[in-house]
Amino acid sequence: MSSRSHEVEDLVRKDYEHGFVTDIDSDTVAPGLNEDVIRLISRKKAEPGWLLAWRLKAYRHWLKMYEPRWSHVKYEPIDYQAISYYSAPRSNREAPKSLDEVDPKLLETYEKLGIPLHEQKLLAGVAVDAVFDSVSVATTFKEKLAEAGVIFCSFSEAVQKHPDLVREYLGSVVPAADNFYAALNSAVFTDGSFCYIPKHTRCPMELSTYFRINAAKTGQFERTLIIADEGSYVSYLEGCTAPMRDENQLHAAVVELIALDNAQIKYSTVQNWYPGDENGIGGVYNFVTKRGDCRGANSKISWTQVETGSAITWKYPSCLLRGENSVGEFYSVAVTNHCQQADTGTKMIHLARNTRSTILSKAISAGRGQNSYRGLVKIAPGADQARNYTQCDSLLIGDCCGAHTFPYIEAKNASARVEHEATTSKVSEDQLFYCRQRGISEEDALNMIVNGFCKDVFRKLPMEFAVEAQKLLSVTLEGAVG
Amino acid sequence: MTEPAAQAFLEEFERDPGRLDWLAPERRAAIEIYRKLGLPNPRQESWKYTDVRLLTRRRFRAASLAPAAAASAAASGHGYGSEDCHEIVFVNGRLSAGNEALPAPSGARIRSLAEAAGTEPARVTEQLGRHAADDGRAFVALNTALMSDGAVIDIAPGTDSQKPLHLLHHCAPGNAPAAVYTRNLVTVGANARATLIETYTGVAGSEYFMNTVTEIELGPGAALEYYRVQQESLAAFHVGSLAVRQERASRFHSFSIDLGGLLVRNDVDVRLAAGGADARLDGLYIAVDRQHVDNHTRIDHEQPQTRSVENYRGILDGRARAVFNGKVVVHKNAQKTDAQQSNANLLLSSNAEVDTKPELEIYADDVKCGHGATVGRLDEDMLFYLRTRAIPEATARNLLTFAFADEIIRPMPCRMVRDRLEHSVARTLPGAAVIGEFMQ
């Protein structure tokens with residue numbers, strides 16, 4: 001491995017002599033990671049010096065770190081020198097010209113989800129000029145947001161236009177050296193979203209990456225930073241229900257949320273990256289670090305996630321409850337089918353008085369899927385009257401899948417109350433039989449039961465998202481029975 | 001590889017490599033495993049919350065033989081008397097004097113490990129380490145390498161033992177910190193029924209390190225009620241491992257009570273190796289001052305139609321710390337498994353700490369598994385109820401605390417253990433006198 005990586009490094013250096021400098025227009029740098037690549041990324045994005053220094057510091061730390069091995073997932077080791085770390089937005093030349101060139105299987109799925117034709121084109125990566133509709137929609141939204149004073153733009157734009165805000169908050173929730181993947185992301189992230197809600201402002205609409213221009217090709221190392229200033233409220237939607245084709249196997253994103261006094265952030269995710277085929281070939285590795293910081297008193301951060309895609313999911317959206325009376329919430333539905341593996345959960349770190357947290361996790365395993373809940377509830381000595389309630393339920397469909405629970409509870413305060421409950425069961429024959437008796441097909445019956453199982457989480461999603469998520473679930477679990 | 005901390009125990013082995021010489025190959029293999037592993041450290045997942053480095057700051061040396069008087073003193077203080085049970089007393093890890101007359105109840109064979117290994121080595125080597133695997137377990141390896149004695153008990157098939165067996169392990173270390181290694185091997189034959197009590201005690205305030213391993217095998221249809229009462233001195237280190245393997249339709253019911261010890265670690269492994277096997281693990285730990293109690297349990301449902309119920313409760317006061325890790329593994333094909341687990345903790349002081357982790361690993365689908373864990377204070381409603389009945393607040397608190405513990409003690413079928421424990425528990429808790437009054 002080491003000799004190979006040396007060879008690769010040599011190659012990269014060679015490329016640097018002839019390639020990087022002379023051919024600035026090249027779309028993709030050669031695979032490999034070293035300080036020159038990071039400098040190149042920074043230069044291409046015309047970043048200020050402090051950001052480059054921050055990236056380099058993260059990189060140097062990353063070199064000293066080891067890939068985490070504690071999660072309950074199995075995969076071949078990743079060769080970090082075989083990845084290309086910068087890729088300019090693809091030009092329209094290589095994109096499919098029309099839907100006829102798109103994989104029919106993918107189109108079939110779009111059909112089932114009921115996605116309008118023009119959106120199908122956008123999702124399948126058909127040349128963007130075909131979808132003027134959504135671009136114009138996005139522009140109207142931008143105007144409305146500007147009126148309210150909300151800043152919502154790509155991360156690169158924010159670095160240029162609001163460097164002070166970025167500098168103040170970047171890495172303040174997830175430090176550059178937080179964990180292996182966060183450090184890697186900090187070193188090489190290319191773009192992402194930035195959002196700032198000014199004081200006492202209720203964001204006039206639900207923000208969604210979907211409507212942000214240029215959001216589509218942010219690459220595999222995405223960085224999101226959301227700041228809700230005092231007394232503000234924002235609901236943010238990430239991802240979309242349609243399956244996204246992506247040639248990058250490793251995704252290591254970082255999301256940082258900051259809620260100041262009396263602020264509220266609601267962050268909803270629907271993740272449906274390519275899960276690989278029935279035999280587990282291909283598929284995205286989704287190693288994400290998401291953390292919210294309830295920095296102010298009475299602040300609230302709520303995570304809702306529906307995870308149906310990716311070959312491997314490794315993510316723990318967490319809340320640091322630092323402000324008095326602050327509230328953290330985590331609602332999750334994770335589905336693994338075929339050979340998918342998910343190790344997901346949350347951390348609720350209670351640091352201040354009267355902090356409260358709720359965790360509701362629903363895991364569904366089918367086929368040969370492996371689904372783990374891993375969570376931590378920590379009550380610091382100063383967190384008087386802190387309160388946590390956790391419920392983790394697993395549903396098993398088929399006899400080759402697995403469902404696992406690893407909840408950690410660390411309580412250091414006598415006035416705190418922590419409760420944890422978990423159950424595991426299968427879809428009962430009786431329930432299925434009852435539905436079949438009433439003329440409901442087996443597949444529909446299963447969908448009904450699964451949707452009922454997830455109801456409490458779906459209820460937390462914004463309306464349209466919830467409807468889509470339900471449909472998505474049934475598509476994901478297709479063929480799980482019978 | 002071995003850090004200096006672990007070195008002390010290796011030296012201990014070198015000092016007396018010839019101990020129990022008929023087991024020399026096993027002991028040598030075990031010490032090599034230990035040499036490779038070293039002492040566990042908090043970077044290892046299963047030792048994340050328990051730091052045993054404290055153990056190496058004391059220079060524990062193998063305990064010397066204690067005077068015969070110590071044995072009779074221990075028996076009179078902690079024994080149940082020969083009328084109610086068959087009692088075997090070990091002092092400093094060795095069978096105490098006068099045991100030529102070991103109890104010989106009908107249908108059961110009891111002998112000391114030291115004797116059994118000499119006269120019937122096959123019996124010992126066959127079971128030794130079969131259930132409590134050395135690999136990955138530094139303290140089990142250390143036990144195998146350094147063990148001095150213990151009990152070998154075989155209950156014949158079909159025996160219905162009325163009288164409980166009591167193994168009393170007492171430690172009287174003298175002036176220097178002493179280490180004791182005991183190993184008990186137990187088999188319960190097909191359809192036999194038995195009750196086994198293990199008590200661990202020591203001279204109050206004395207410093208010693210007790211490393212004990214008990215391996216139990218239950219034949220088809222066998223039933224064992226097992227009590228483990230740990231009342232070591234408050235300056236003692238106690239590391240205990242219990243490994244159980246259950247055959248078809250066997251039942252194992254264990255009560256694990258921890259009241260003593262400065263640093264206590266218990267590892268319980270139960271393998272439900274055949275259909276119909278049923279395990280019930282109940283536990284209670286009460287820690288005060290700077291006590292540290294760590295309970296790790298693992299239940300393996302290896303075959304279909306097995307059942308387990310686990311209920312551990314803890315009360316923490318002062319700067320005490322408790323760790324609970326309950327793992328339930330349902331293996332592939334172990335359909336129709338029913339596994340329930342619960343861990344409840346009561347914090348009486350704001351400096352106490354609880355780290356609990358109930359784990360489920362499930363690879364079969366037709367199962368019913370659940371677990372719950374709670375950490376908190378006494379229920380305010382219950383307190384209020386007692387207050388409305390004119391019971392002073394302090395008394396109400398003490399009563400409720402005792403009641404919380406008593407939920408583990410009260411259901412004990414063995415009356416003599418139950419009665420004694422209720423008093424011991426009451427004595428450990430604040431307001432002992434008041435609780436005593438209500439218990440009359």
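Below, chains carry the letters A, B, ... as their sequence lines are ordered, and counting in each starts from 1.
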Contact class of [X] relative to chain A, heavy atoms under 4.5 angstrom:
X: Phe324(B); result: neither
X: Thr356(B); result: both
X: Glu45(B); result: side chain
X: Ala373(B); result: both
X: Gln335(B); result: side chain

Exercise. Using atom types as modelled and distance alone, determine if a side-chain donor or acceptor of His371(B) lies under 3.5 Å from a backbone N or O of Thr423(A).
Key: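 Pair absent, no side-chain N/O of His371(B) close to backbone of Thr423(A).
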Select, from [options], the one with the greatest count of heavy-atom pairs under 4.5 Å involving chain B.
options: Gly402(A), Ser425(A), Pro407(A); result: Pro407(A)
options: Ala403(A), Ser394(A), Pro381(A); result: Ala403(A)
options: Leu396(A), Asp393(A), Thr390(A), Val418(A); result: Val418(A)

Quiz item: Picking from Ala352(B), Ser350(B), Pro358(B), which has the most non-hydrogen pairs under 4.5 angstrom with chain A?
Solution: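 Max contact count across the listed options: Pro358(B).
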Drop me the distance from [X]'s [atom1] to [Y]'s [atom2], to the nearest 0.5 angstrom.
X: Tyr389(A); Y: Thr374(B); atom1: OH; atom2: OG1; answer: 12.0 Å
X: Arg374(A); Y: Glu359(B); atom1: CZ; atom2: CD; answer: 8.0 Å
X: Gln341(B); Y: Thr405(A); atom1: CD; atom2: OG1; answer: 10.0 Å
X: Glu361(B); Y: Ser372(A); atom1: CD; atom2: OG; answer: 7.5 Å
X: Arg377(B); Y: Asn413(A); atom1: CZ; atom2: CG; answer: 8.0 Å
X: Ile362(B); Y: Lys426(A); atom1: CD1; atom2: NZ; answer: 13.5 Å

Work out which heavy atom in [X] is nearest to a heavy atom in [Y]; give both atom names and the distance.
X: Ala414(A); Y: Ser349(B); answer: CB-O, 3.3 Å
X: Ala411(A); Y: Asp355(B); answer: N-OD1, 4.4 Å
X: Cys400(A); Y: Lys332(B); answer: SG-NZ, 4.1 Å

Are more than 12 heavy atoms, taken from residues, nucleotides or ligands other than [X], located less than 6.0 Å from that residue's [atom1] atom?
X: Arg321(B); atom1: CZ; value: yes
X: Arg248(B); atom1: CZ; value: no
X: Tyr75(A); atom1: OH; value: yes
X: Lys327(B); atom1: NZ; value: yes

Within the structure provided, determine whether [X] and [Y] are in side-chain contact (heavy-atom separation under 4.5 Å).
X: Ile409(A); Y: Val354(B); answer: no
X: Glu410(A); Y: Lys48(B); answer: yes
X: Ile397(A); Y: Asp365(B); answer: no

Quiz prompt | Which portion of Asp399(A) sits near chain B, non-hydrogen atoms under 4.5 angstrom | solution =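 Backbone plus side chain of Asp399(A), per the 4.5 Å heavy-atom cut-off to chain B.
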Quiz prompt | Segment of Ala416(A) engaging chain B (4.5 angstrom heavy-atom cut-off) | solution =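 It is the backbone, since no side chain atom gets that close.
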Quiz item: So, Gln370(A) versus Tyr363(B): side-chain donor-acceptor pair below 3.5 Å or not?
Solution: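 The answer is no; no qualifying pair exists.
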